[in-house]
Structure formats: C-alpha cells, structure tokens
A.B. asks: 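Below is one structure. I have some questions about it.
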Amino acid sequence: MDNDSLMKSTFLVTGLDCADCAAKVEKAVQRLNGVTGAQLNFAAAKLKVTYDKTILSIEEITQVITGFGYGASLVKDGQLGSKVAEQAAVTEQVWWQKPRMLSTIASGLLLGAAMIADYTDAPARLQIVLYALTMLVGGYPVAKSGFTALKSMILDTNFLMVIAVIGAAAIGEWSEGATVVFLFSLGNALQAYTMDRTRDSIRSLMDLAPREALIRRQGEELRLPVEEIMIGDVLVVKPGERIAMDGQVISGFSTVNQAAITGESMPVEKQTGDGVYAGTVNEQGALEVVVMKLAEDSTLATIMHLVEEAQAEKAPMQQLVDVFAKYYTPAVILAAIGLTIIPPLLFQGSFDIWFYRALVLLVISCPCALVISTPVSIVSAIGNASRHGVLIKGGAYLEQMGKIRAVAFDKTGTLTYGKPQVTDIIPLAVAYEPQQILVMAAAVETWSEHPLAQAIVTHAGEQALPPVSNFKALLGRGAQADIEGRTVYVGNIRMFKELGYPLAVQENSVAALEQQGKTVMLVGSDGEIYGAIAVADTLRDNSREAVATIKAAGVEQVIMLTGDNERVANAIAGKLNLDAAYSELLPEDKAGTLKKLAGQYGSVAMVGDGVNDAPALAIADVGIAMGVAGSDTALETADIALMSDDLGKLAYVMQLSRKTVQIIKQNISFSLGLKLLFVFGTFFGFVNLWLAVLADTGAALLVTLNGMRLVRELK
C-alpha cells in the first residue's frame, strides 16, 4: 500500500450510549476494505480512522457509522475553532428533538394507546395493530443497528433484542414485545443523554476558547477567526474578555483569571513581559498581547488533546471487565440456545415456556451496565481533575495514585521556588548598616551573570547604586570591582581566606547560616569584612502543608532527592518534616534511589520538573510534573501534570483516585449481582421480558449516574 494514499480522519459520533455498542462500531469500521486502523474513543465520542483514500471514501465510512443509528460528522484536526463548532452543534440540539428520543416518545404514545385499547376491551385486531406499530416505531433504530452489526458478522445487543421481540410476537406476547421495545429505546436514549453529560468535561474546555478575536495587524484592527490568527499578531483584549491565544503581554496591566488552565483560585497580575494563556479571562485592565502560539498549539488545545487521550486510556480494572464481557455474552447466548432445546427435548418441557425464558435470558445478557461501569467513572474523574488544574494522562495512572505508599520530591523548583533569594544581611563591622552592605554588593554584582549575584541585584531593587570600574569575576569564588577608589570584594569565605583576611570572628556567623542550608557571601574591602549576605532557594509557601496532607492521606514515606550538598538537604528536610533526604545525586542516582524505594514500598510516585528528572519520572509508578503550564516537555514526560505550582493538589488526586476505584467496584458489584439474580430468576420463571429490560436499562443508568458523582468536587 502506498503511504501517500493513506489518510487519517476523525469523526464525531453522536448518540453513543453504550461502550459495548461503541466497540461494535469500531470493529465494523476496522473490517472495511481499505481501513488500516480505527479507534473509537467512547469517552470523547470520536472515531479516528486510518484508510487508503484510493479504496475507501469518507462517505462510505460515514454510512457504516450512521447504519448503527448514530450521527457522524468529520472533525478537522488541528483547527481548534472547527472542534468548538462541531461540539457546539452537538450541544445546541435540544435533547428531545434528537431522532432516537423522538422515536422513543412516539413509541411511548402508541404503547399508551395500545394499553388503553387493551384495558377497554377494544377489538383484538386494533390492539395488535397498536402494539405492532409500537414495535416498528420504537424498534426501527434498534433493528437498523442490529442488522448493520450482523452484516459485519457481529452479534450485538440490538440484534439480540430484535430476536427477543420477534420471538415474543411469534408466541402471541404482543404487549410484552411492545413494552420491551419502548423500555429498551427509552433506556438507550437516557444512556445517550447521561453519557453526553459526562462528556461535558471536554466540551466545557472547548467552550473556553473564543472562536474569534480582535487583532491589530499592520496598524489596522480586525476581528478574525482564531484559525486565521498568526504568530506575531497583536491581540487587543478588553476587560472581561477571554484571551483567545497564548502570548506575551506587550502593553497594559491587569489581573487574569487562570483557573481554567492552572486551577489557581486567585487571579494573577499580568504586566509587560508576562505570559498569558488562551481561554483565561482578563478581568480589569486592557491588554495588548503578542501571539506566541497558533490556536492548535496553545496550552488549552494541548490540555483538550491530553484529556481526550486520557479518557480513552483503559485502567487495569476496565481491561479486566472488557475481558470478562468478551466471554460473558457468548456464554449467555449458548445458554439461551440450550434453554430452548434441552428442556423440551430431554425433559418434556413446554417449548413455548422455555423458548420464552430463553428470550428473557437474551435480553438480560446485555453487558452494557457492566461494560459502562468503569469508563463512565474514569471519564468523570479525569474531567473533574482537569477543571482543578490537574492533567491525568490515563485511567491506569488515576487508579495507581490511590495505591501510592511513598512519594519522592525533587528539591529545586518543586519543594522550593528554584530561584535564589536574599534571606539575611548581617553587618560584621560597626560602621556599616545592612543597607550599605547590600548597595555595595549589588553595585559589584550588577556586572555578574551568576544566579547568586542576580539574587543580590534583585533584592536591591531600584535603589541607586554607585558607579563601579575594573570589574573582575573570580571563578568559583566571587567578584571584585572598584567603588569610589577602593576595591570591594563579594564572594565566599574561601576567597577571603586566599586574600589574607582575618576570619576568626566571622567564621562562626558564616557557619551558623550555612547550617540553615544557606549560601553565604562576604562583602569587604581594605582588609576589613563589612558584612555577610545569605542567599537561599526558599521553600514554596505550601510545601509544608502539602507534605503534611500527603502523609495524612496515608503515604508512608515522603523523601527528597537533590543534587545539593548534604547540609542544605538536611536543612530543607528538617523544615518540611520529611522522612529522609538524599543529597548530591545525579539524574541516574535519583532513578536508582527510586528503584530501591519501589522494592521497599511497592508503589512510588516521583514529583519533579518534568525535564531534569525525566529518568526518575519514567521509573516511578506515577511520574508527576509540576508547574508545567506552557511546558510541552513536562507534559509529555509526566503521567500526571500539575498545571500550577500547587503541591496541595497531590492529596486531592490521591483522594480522587480512591473515590474512583471505590465507585468502580460498587458499579461492577451491582451490575454482576443484578445480572446473576435475574439469570437465576429466568431459569425458574420469575422474570418476564419487560422486567428483564427494565432491570438491564435501570442498571446501566444507575451505574452511569453513580460514576457521574465523580464530576462533582470532592468533599
């Protein structure tokens, strides 16, 4: 096959109500001549097809999907505005105007008329006509889907239901056959409606993206669709408007609500040079933003894509259910055949009675409630997490987070801000105040690019600095420069020892600061030490609370992995009440430490920046990257991504994971228990057709609604 003739198309499939039925659609498309691959994401209701365009057309693929009774429309990949429009078309249609719901309503009215005729002893022929019309009107979508599946050599629930209804009519059970059709049709329509509600987690993200924006291009202001906006264009964002594109502020000052992207509860101040994200809300002032990414590459588009992919990923419990359902349905079909043949043949049973019971068994065999029990919970939970600024890249990672017994943190940029800050200025000579020491040190360090030097300059702010000359960087020790005719030195204690300064008095002060995990630089001139400036990578505001909540959530061991020296590591570990700290580690050392922890505790999570900690993130059972809004590398590396710098979300994810697993177990237990109860009831004649349909449909709706509880915020 010529690779140039291969096409990849994505179809939005509307009306999907059952994971098992969706699998049948996927199989039917896979069997088309010319298709090399097809994957239907039941959660997102999207079918991705790879096919040879010289053999197969888009129209032929669409016909197969619509043959099952579902709607199908082509989605233009890479165009965010088109995706929004496609999804809007789904949600804008009133629920009761959809074809499946209309046929359900019509069949319900006909069934009501038939029951009235039955109750009033109307002519038998009229009753049969009304019941038959109920079957035809309500059963047409079901029969169409069932026979379409049969053409692809697939026996699905719809076909089994058709057999049951025809069988009921054949033995004169017209009222039961009509009731079965109505209940089954109503159940499918309600399941489709409830599944659409669970898919709102993706649609709500899409609704955040404006379809057009005001652009200033070549001195002219234009309102353009987002697909036509280019990198380098200038967005004009008024107060109260949503920002349409990722970019950088070039003019204006405002506060921006970034909750949709980062999960931050408070608005963030934005001024010239700050980055902004598509889908966030400009609250107060007007902003001018230069576009840095195309619509399809924005952080919001990336989140939407990752959420869709995550909801398609199957958790281990779901895979187990799928395997069970694969053998369960054929086994029940064989049992139904045996139920029809064996009792009349071997035990002189009534054929009509056992044939009827076989029909009931076919109806109750529908595995929808069981199959849907897991994905609806996963979809709801991942959607919940995405609204809180947490991206979970699959059901497996969501399930695994509830089992974590040890958490390892990177230090720099994770537990700390990753930027050195001045913490102490201590005069060591009577004639000098802290302010004088800071100004002298900042004047020298203005010429240096070292991170510690920049911390001092930043701390000095906009204070007036004296002019300097003859600046010289002293590698590994510090720097020197001339200020008002004297040479001022700023550097570590080793440099001052080499210069011959007496340090007996200062060494105690320096040692005390270093014991706190701080880096100390001395400032001096003319044989005298003026003072000491301590610099440290400060802890994040919520690091202590986050560690405490993780321990409260049941994690046995919380440790820190860092490349810093042992003194700094121990100081940070003491402040955070960590169980252990491993220092002076290279990336491969961090990975090795995680292997040891996994051997000891079984399930380990690693929290890092997603770039330098890639080996450790890959080895951990769950790799978690934090502070990654706008960072493609971190999003790709981690299994879970915290879009804001909020470590407190870790305990929330663990709680969400455990709640999800709990609900999945409830759904599976309920589905299997109800099935077994009705199967045994069928053998003894306690269950009739309409009751079997009611139980099956009710079970599917109940497990769906139970799973949808995860959409709500956790208490």
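We're numbering straight along the sequence, starting at 1. On a predicted model such as this, the values are computed, not experimentally measured, just so you know.
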A.B. asks: Any sub-3.5 Å donor-acceptor pair from Asp621's side-chain atoms to Val604's backbone N or O?
C.D. replies: yes

A.B. asks: Would you check if the side chain of Gln39 reaches a backbone N or O of Lys48 as a donor-acceptor pair within less than 3.5 Å?
C.D. replies: no

A.B. asks: Taking only residues two or more places apart in sequence, or in another chain, which ones meet Asn577 in a side-chain hydrogen bond (donor to acceptor under 3.5 Å, both in side chains)?
C.D. replies: none

A.B. asks: Going by atom types alone, do Lys270 and Gln258 pair a side-chain donor with an acceptor below 3.5 Å?
C.D. replies: yes

A.B. asks: Determine yes or no for a side-chain-to-main-chain donor-acceptor pair under 3.5 angstrom, with Thr36 supplying the side chain and Thr50 the backbone.
C.D. replies: yes

A.B. asks: Considering only NZ, NE, NH1 and NH2 on the basic side and carboxylate oxygens on the acidic side, decide whether Lys590 and Asp410 come within less than 4.0 Å.
C.D. replies: yes

A.B. asks: Verify, without hydrogens or angle tests, whether Thr549 (side chain) and Ala546 (backbone) share a donor-acceptor contact under 3.5 angstrom.
C.D. replies: yes

A.B. asks: Would you please name every residue forming a side-chain contact (heavy atoms from CB on, under 4.5 Å) with Ala553, sequence neighbours left out?
C.D. replies: Met654, Arg658

A.B. asks: Would you say Thr10 and Val49 make side-chain contact, with heavy atoms under 4.5 Å?
C.D. replies: no

A.B. asks: Taking side-chain hydrogen bond (donor to acceptor under 3.5 Å, both in side chains) as the definition, give me every residue that meets it alongside Glu283, ordered by chain and number, with sequence neighbours left out.
C.D. replies: Thr255

A.B. asks: Does any N or O in the side chain of Arg540 come within less than 3.5 Å of the main-chain N or O of Thr414, such that one atom is a donor and the other an acceptor?
C.D. replies: yes

A.B. asks: At their closest point, which heavy atom of Pro210 faces which heavy atom of Ile243, and how far apart are they?
C.D. replies: CD-O, 3.9 Å

A.B. asks: For Gly707 and Asn667, which heavy atoms make the closest approach, and how far apart are they?
C.D. replies: N-ND2, 4.1 Å

A.B. asks: Can you tell me if Thr562 uses its side chain to pair, donor with acceptor, with the backbone of Ser583 under 3.5 Å?
C.D. replies: no

A.B. asks: Taking OH in Tyr397 as the centre, count heavy atoms belonging to other residues, nucleotides or ligands within less than 6.0 Å. Is the count above 12?
C.D. replies: no

A.B. asks: Please name all residues satisfying salt bridge (charged side-chain N to carboxylate O under 4.0 Å, His left out) with Asp579, sequence neighbours left out, ordered by chain then number.
C.D. replies: Lys551

A.B. asks: For Lys411, give me all partners under salt bridge (charged side-chain N to carboxylate O under 4.0 Å, His left out), at least two apart in sequence or on another chain.
C.D. replies: Asp537, Asp564

A.B. asks: How would you list, by chain and number, every residue that makes a salt bridge (charged side-chain N to carboxylate O under 4.0 Å, His left out) with Arg405, sequence neighbours excluded?
C.D. replies: Glu556

A.B. asks: For Gln248, is the CD atom crowded, meaning more than 12 foreign heavy atoms sit under 6.0 Å from it?
C.D. replies: yes

A.B. asks: So, Asn384 side chain and Leu710 main chain: donor-acceptor pair closer than 3.5 Å or not?
C.D. replies: yes

